[in-house]
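Report on the following structure.
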Amino acid sequence: MQGSAGLMWIYRGYVVAFFLYLVAPLVAAGVFAFNDSMFPSLPWNGFTWDWFFSPSEPKLGLFHDDRLLQGMGNSLYIGVIVAALSVAVGTCNAFLFVRKDFRFKSALYVLMVVPLVIPGVILGISILVLASTIAGLADQWFGVFLTSLRPGIPLVVMGQFSFLVTITSLVIIARLEKFDISLEEAALNLGASRARTLLTVTLPFLFPAMFSAFVVAFLVSFENFNTTLFLVGSDSPLTITMYDRMVKAGSTPVLNATSVVLMLGSGLLALLSIFVQWPKKSA
């Protein structure tokens, strides 16, 4: 018994140490966002809101920094589009792989998962080379200038979509596999059309997974750096803007303030996703 109690205390200590290891960098980033200093480091010079709300240099706050706000807006715009496309296509993929049997189904499933194991740098370079080649040939042969295949937001959307659709597909597939097909059969027997059955029976069952997949895709898109770096144009998303700011001006507490806002937003979305998936009590 003493041996078991000792192992339990070791296990608890390991769990505490593990979560401290995960949380400590976030806490440090958050604390230095409120430090009245030009650098995100010790010593502590007092509490301040300047890095959030100051309207002037040298402590220009996040909510007055046009470049950071524009980057955040670009990231929101890209994230919503990519997440919506990924969920729509991922839902179609789920029905394809769960409901249909066809030749080379296993091979196609493997191809769908491949983007998850390809490094983001390689994926970004490959998409850039392919898009630039197609755009160059279209311009050379047909005199058509394909702006969407040049570095910019459309190419970033296509690049992120190429691997995020895999994530959404896997999440929705897992949910669809738990669906009782007899519910659809009962609705059809009662006279409902296939479209009505889909809208009133199947999709409501899939909605928690679809919403969670949307949240995951949005958050991954928002924080993506490796793939986006090679596809971005003049309208940079937030991660690229922060990186460019850090390279040119060094790390300042305004970046910590930005991180605090992102952590709060990510946490709220995660809580909302958990709430949507929470089992509803039957009346």
Side-chain angles (χ1 to χ4, degrees), residues 75-118 123 127 130 148 153-224 227 265-283:
S75 291
L76 288 170
Y77 177 71
I78 293 169
V80 169
I81 293 177
V82 172
L85 288 174
S86 298
V87 168
V89 177
T91 303
C92 296
N93 288 344
F95 281 100
L96 178 67
F97 286 109
V98 174
R99 297 289 181 85
K100 298 294 182 181
D101 290 317
F102 52 90
R103 294 180 63 186
F104 308 115
K105 178 179 178 178
S106 299
L108 186 59
Y109 187 87
V110 171
L111 286 176
M112 182 187 71
V113 178
V114 163
L116 288 182
V117 298
I118 298 178
L123 195 62
I127 293 172
L130 176 62
S148 60
I153 288 180
L155 196 59
V156 171
V157 169
M158 286 188 281
Q160 293 184 0
F161 170 80
S162 66
F163 66 90
L164 288 176
V165 68
T166 301
I167 298 175
T168 58
S169 297
L170 294 176
V171 171
I172 299 171
I173 284 172
R175 178 74 173 177
L176 185 59
E177 286 177 339
K178 300 177 182 179
F179 181 71
D180 186 358
I181 194 69
S182 63
L183 296 176
E184 287 186 354
E185 295 172 350
L188 293 171
N189 289 336
L190 291 173
S193 64
R194 289 191 176 275
R196 185 176 179 83
T197 300
L198 177 67
L199 293 175
T200 59
V201 178
T202 313
L203 289 184
F205 177 83
L206 292 179
F207 177 76
M210 294 170 66
F211 183 81
S212 297
F214 181 92
V215 170
V216 170
F218 175 81
L219 292 177
V220 174
S221 168
F222 201 98
E223 61 83 27
N224 183 263
T227 303
S266 300
L268 289 175
L269 283 176
L271 290 175
L272 184 59
S273 177
I274 293 173
F275 175 77
V276 169
Q277 295 186 73
W278 201 268
K280 303 295 188 297
K281 293 183 180 180
S282 56

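- Using a 4.5 Å heavy-atom cutoff, the side chains of Leu164 and Ser221 are in contact.
- Taken from CG in Asn93 to OG in Ser86, the straight-line distance is 10.0 Å, to the nearest 0.5 Å.
- Here the closest heavy-atom approach between residue Ser148 and residue Pro154 is recorded as O-CB, 3.8 Å.
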In sequence, state the C-alpha distance, the side-chain angles, and the governing distance for Leu170 and Leu116, and then conclude on side-chain contact (heavy atoms from CB on, under 4.5 Å).
CA-CA 11 Å; Leu170 294 176; Leu116 288 182; 3.9 Å; yes
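- Side-chain contact between Leu96 and Phe102: present, with at least one pair of heavy atoms (C-beta onward) separated by less than 4.5 Å.
- For the pair Phe95 and Leu206, the minimum side-chain heavy-atom distance is below 4.5 Å.
- Nearest heavy-atom pair across Val87 and Ile172 is O-CD1, 4.0 Å.
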Kindly determine whether Leu108 and Met112 satisfy side-chain contact (heavy atoms from CB on, under 4.5 Å), including the steps that lead there.
CA-CA 6 Å; Leu108 186 59; Met112 182 187 71; 5.9 Å; no
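- Crowding of Arg103 atom CZ: a count of heavy atoms from other residues, nucleotides or ligands under 6.0 Å not exceeding 12.
- Within the 4.5 Å cutoff, no side-chain heavy atoms of Thr168 are placed close to those of Val216.
- For the 3.5 Å distance criterion, the side chains of Glu184 and Thr202 qualify, holding a donor opposite an acceptor.
- Nearest heavy-atom pair across Ala209 and Arg175 is CB-CB, 3.4 Å.
- With a 4.5 Å cut-off on side-chain heavy atoms, Ile78 and Phe222 do not count as touching.
- Side-chain atoms of Leu183 and Phe205, non-hydrogen and from C-beta on, never get closer than 4.5 Å to each other.
- Panel note: side chain Lys100, backbone Lys105; no donor-acceptor pair is recorded below 3.5 Å.
- Residues Val215 and Leu272 form no side-chain contact, since every pair of their non-hydrogen atoms from C-beta on lies 4.5 Å or further apart.
- Side-chain contact between Val171 and Met210: absent, with no pair of heavy atoms (C-beta onward) separated by less than 4.5 Å.
- When all heavy atoms are compared, the tightest approach of Ser273 to Phe211 is CA-CE2, 3.8 Å.
- The two residues Ile127 and Leu155 have their closest heavy-atom pair at CG2-CD1, 4.3 Å.
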I would like to know whether Ile173 and Tyr109 meet side-chain contact (heavy atoms from CB on, under 4.5 Å); could you show each step before the answer?
CA-CA 11 Å; Ile173 284 172; Tyr109 187 87; 4.2 Å; yes
Would you please test Ile181 and Arg99 for side-chain contact (heavy atoms from CB on, under 4.5 Å) and show each step?
CA-CA 10 Å; Ile181 194 69; Arg99 297 289 181 85; 3.5 Å; yes
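- Side-chain N or O atoms of Ser169 include one that pairs as donor or acceptor with a backbone N or O of Val165 at under 3.5 Å.
- Of all heavy-atom pairs between Ala94 and Leu176, the closest is O-CD2, 3.5 Å.
- In this structure, the side chain of Asn189 engages the main chain of Glu185 through a donor-acceptor pair within 3.5 Å.
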